[in-house]
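The structure appears below as structure tokens.
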Amino acid sequence: MSVNNEVTVALAGNPNVGKSTVFNALTGMRQHTGNWTGKTVDLATGVAEYNGVNYKFIDIPGTYSLKPHSAEEEIADDYICYEGVKKVVSVCDATSLERNLYLALQIIETKRDTVVCINMLDEARKQKIVIDISLLAHELGVKVCATSARKGTGLDELVSCISEKSTQKPIRINYPPQIESALQFLVPVLKNELSGDVDERWLSLRLLEGDNKAERYCRDNMGDKYGELENAIENAEEFLSSHGVYREDVSEMIAASLYGLSRELCKKVIVHSSEKDNKGAKDKIFTKSIYAYPVMFVALCVVFYITITLANYPSQLLSTLFVRCEELLMMFADRIGLPQFFSGVFITGGFRVMGWVIAVMLPPMAIFFPCFSFLEDLGVLPRVAYVLDNTFEKAGTCGKQALTTCMGYGCNCVGIAGTRIIDSRRERLIAVITNSLTPCNGRFPAIIAVLGAFLVGGGGILSAVVLAAVIVGSLALTLACANILSRTILKGEPSHYILEIPPYRKPQMSKIIANSLIDKTLKIIIRAAVVAFPAGMVLWFVSNTFYENQSLLFRINSFFDPMGRAIGMDGVTLSSFFLGIPANEIVLPIALMSYLQAGELASFENVAYIREILVANGWDIWRMACFVIFCIAHFPCAASIMTVYKETKSIKWTALSFIIPLCVGVILCSFITLIKVLL
């Protein structure tokens, strides 16, 4: 089938309606994700063939309406309203139809060939919700079909609806008489001068609201005739004001009409049983602060316990595997006569550090991310964000930062990229800068090892509890820093937003494992390994290059020593943090290597050996505390720095995201040192 016969279909819908599940079910593995030109938003596209016709499905970002407030919603608005797409599938949640119909009605009003897909029919049945699909299709004047995308049912009917054009006339939304009369000033002008890619009635409504994008579209497409439209807009506004309606009132009146119509439609087509489920009882546990915080702490302990306990075995296996591979590479290097310098740089340096990063980082992430996704799929994580919302708002930032902070516990890169969900640029910058105060999986091994050596003697439940307490402390630090930023360089009022709390659902384990391992774990591991290999080469070089019988690494440590001791550590520890910028996983091994003067990356397999090395080099409980604090509060790793720049496109904010966490760590460690001196 030629490309000319390809039909493009946009999938639209509110967040958490199963839109991406519909997309995945329709396209299978024939899909890819790419960055939208000029935006920091990724767009998923996929293809499928049905009855000899090629369909290109576009999974546009979730949005609550076609009045954008974020980068994702702007993409949805652009693609549906202005990009000329002919077919749109509006995916609705059968359990929340009234709220979802608001967007569906807006899409229908654009005069795109619209199909309404009522998804999650299985969830609706569990809640005793019955929807009259035929009546809804009659009322809307478009094709409506029901699906349960998770179970793969109703998809053939959906494709059939997409392929056939509706013979009905789409519903016309009637607005208050003042607005209907004002539209008569604009619609005739637009109808005569525009090509028809954008519906003139819909565009007139946007112009009455004072939408800048609609005005820009008309200016670009009407040329000299735009002056006539400006006169029409002025006349319409004068008419409205003469009837006591001003520009700020128009949006409210339009929204009220849409919500009113959604409510009326739902009363007609929905039958809902009076039986109650146990959702209310569950929400008393997960959304009431008095219960939620202890439950969240216990859940955190459980996740860390599982991660700590299960990660040890695969880490040891991977470590053994890389050691064996290194031996084989060294044998091969000797056989081909590779100079010792090159084998040292590439094998003992680059390959060993890369192997260390993978062996230490991969197992915890492969366990942590599925646990994290499990809680998300179950419906617990959105409720955590709900509980933390008020706390973050009091700190002068957005409640959505609670979600991006949780993401940062897996990987700061993911957390920083996740700040795209925050509408306000000011609040997004606060979330980006403070995300580095969230200890990621790359920092967990060092924190666990040092805490185990000095406090709890190893892994297990106590290690998980102490680590969870450290994480709670990092959250408090994030809130404090966010509050300071919101009062100083990033002043402003916290924004309001819609926080989607989905119903409790049975997690899809296959989807969780696939998404966690492929989309998150492997991508992050590959990125970290790419950075770690050259870092290992540099590390080996500075460790084995001597000047006046002293290695460059020794001289670097000596340079940092006064600064390190001023904040409760030493030059070896502080320089290890700077040399470990490529990957946080190698900070502690670099320190141990320097203490042992080994000239190559050291390996450690038990906390007793670590304690022995650290104590012999002046470590005590105070230095351990400073190390743990600095692990939490210091500059981001190289991958995170690159992600900050990608998201902000600003050297200034990238530099501040490096400097501010570093200053926080220095201040806190200096305070600990002062307490030690006073005692």
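Keep in mind that what you see is a predicted model, and the values were worked out from it rather than measured.
Taken to the nearest 0.5 Å, the CD1 atom of Ile233 stands 8.0 Å off from the CG atom of Leu208. Rounded to the nearest 0.5 Å, atoms CG (Asp77) and CD (Glu83) are 10.0 Å apart. Note that CG of Leu574 and CD1 of Ile556 are 12.0 Å apart. Values are rounded to the nearest 0.5 Å. One distance of note links CG of Leu479 with OG1 of Thr397; it measures 9.0 Å at 0.5 Å rounding. Considering CZ of Arg219 and CD of Glu215, their distance stands at 6.5 Å, rounded to 0.5 Å. With rounding to the nearest 0.5 Å, the separation of OG in Ser486 from CD in Glu427 is 9.0 Å.
Listed for the Asn14 side chain is no donor-acceptor partner under 3.5 Å among the backbone atoms of Leu103. No donor-acceptor pair under 3.5 Å is formed between the side chain of Ser96 and the backbone N or O of Arg99.
Counting heavy atoms from C-beta outward, Cys413 and Met642 have side chains that stay 4.5 Å or more apart.
Scored by the salt bridge (charged side-chain N to carboxylate O under 4.0 Å, His left out) test, Arg216 finds no partners at all (sequence neighbours excluded). Not counting sequence neighbours, Asp249 has no partner by the salt bridge (charged side-chain N to carboxylate O under 4.0 Å, His left out) test. Partners of Glu209 according to the salt bridge (charged side-chain N to carboxylate O under 4.0 Å, His left out) rule, which considers only residues two or more places apart in sequence or in another chain, are Lys67.
Leu66 approaches Cys81 most closely through the heavy-atom pair CD1-SG, 3.8 Å. Nearest heavy atom pair, residue Gln106 against residue Leu258, reads CG-CD1, 3.8 Å.
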Side-chain donor-acceptor contacts of residues 623-637 below 3.5 Å, not counting sequence neighbours, with atom names and distances?
unit_1, atom_1, unit_2, atom_2, d
Arg623, NH1, Asp570, OD2, 3.1
Arg623, NH1, Asn617, O, 3.3
His634, ND1, Phe630, O, 2.7
His634, ND1, Cys631, O, 3.2
His634, NE2, Asn584, OD1, 3.2

Donor-acceptor contacts under 3.5 Å from residues 656-669 side chains, at least two apart:
unit_1, atom_1, unit_2, atom_2, d
Ser657, OG, Thr654, O, 2.6

For this session: In sequence, state the C-alpha distance, the side-chain angles, and the governing distance for Thr434 and Gln401, and then conclude on side chain to side chain donor-acceptor pair (under 3.5 Å).
Result: CA-CA 10 Å; Thr434 57; Gln401 189 178 339; 2.8 Å; yes
- prompt: Going through the checks in order, is the ring pair (Phe, Tyr, Trp, His ring centres under 6.0 Å) test met by Tyr102 and Tyr259?
  reply: CA-CA 6 Å; Tyr102 181 86; Tyr259 276 122; 4.2 Å; yes
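Ser436 and Asn412 share no side-chain donor-acceptor pair at under 3.5 Å.
Sorted by first and then second residue, the side-chain hydrogen bond (donor to acceptor under 3.5 Å, both in side chains) pairs with a member in residues 661-679 read Asp620-Lys676; sequence neighbours excluded.
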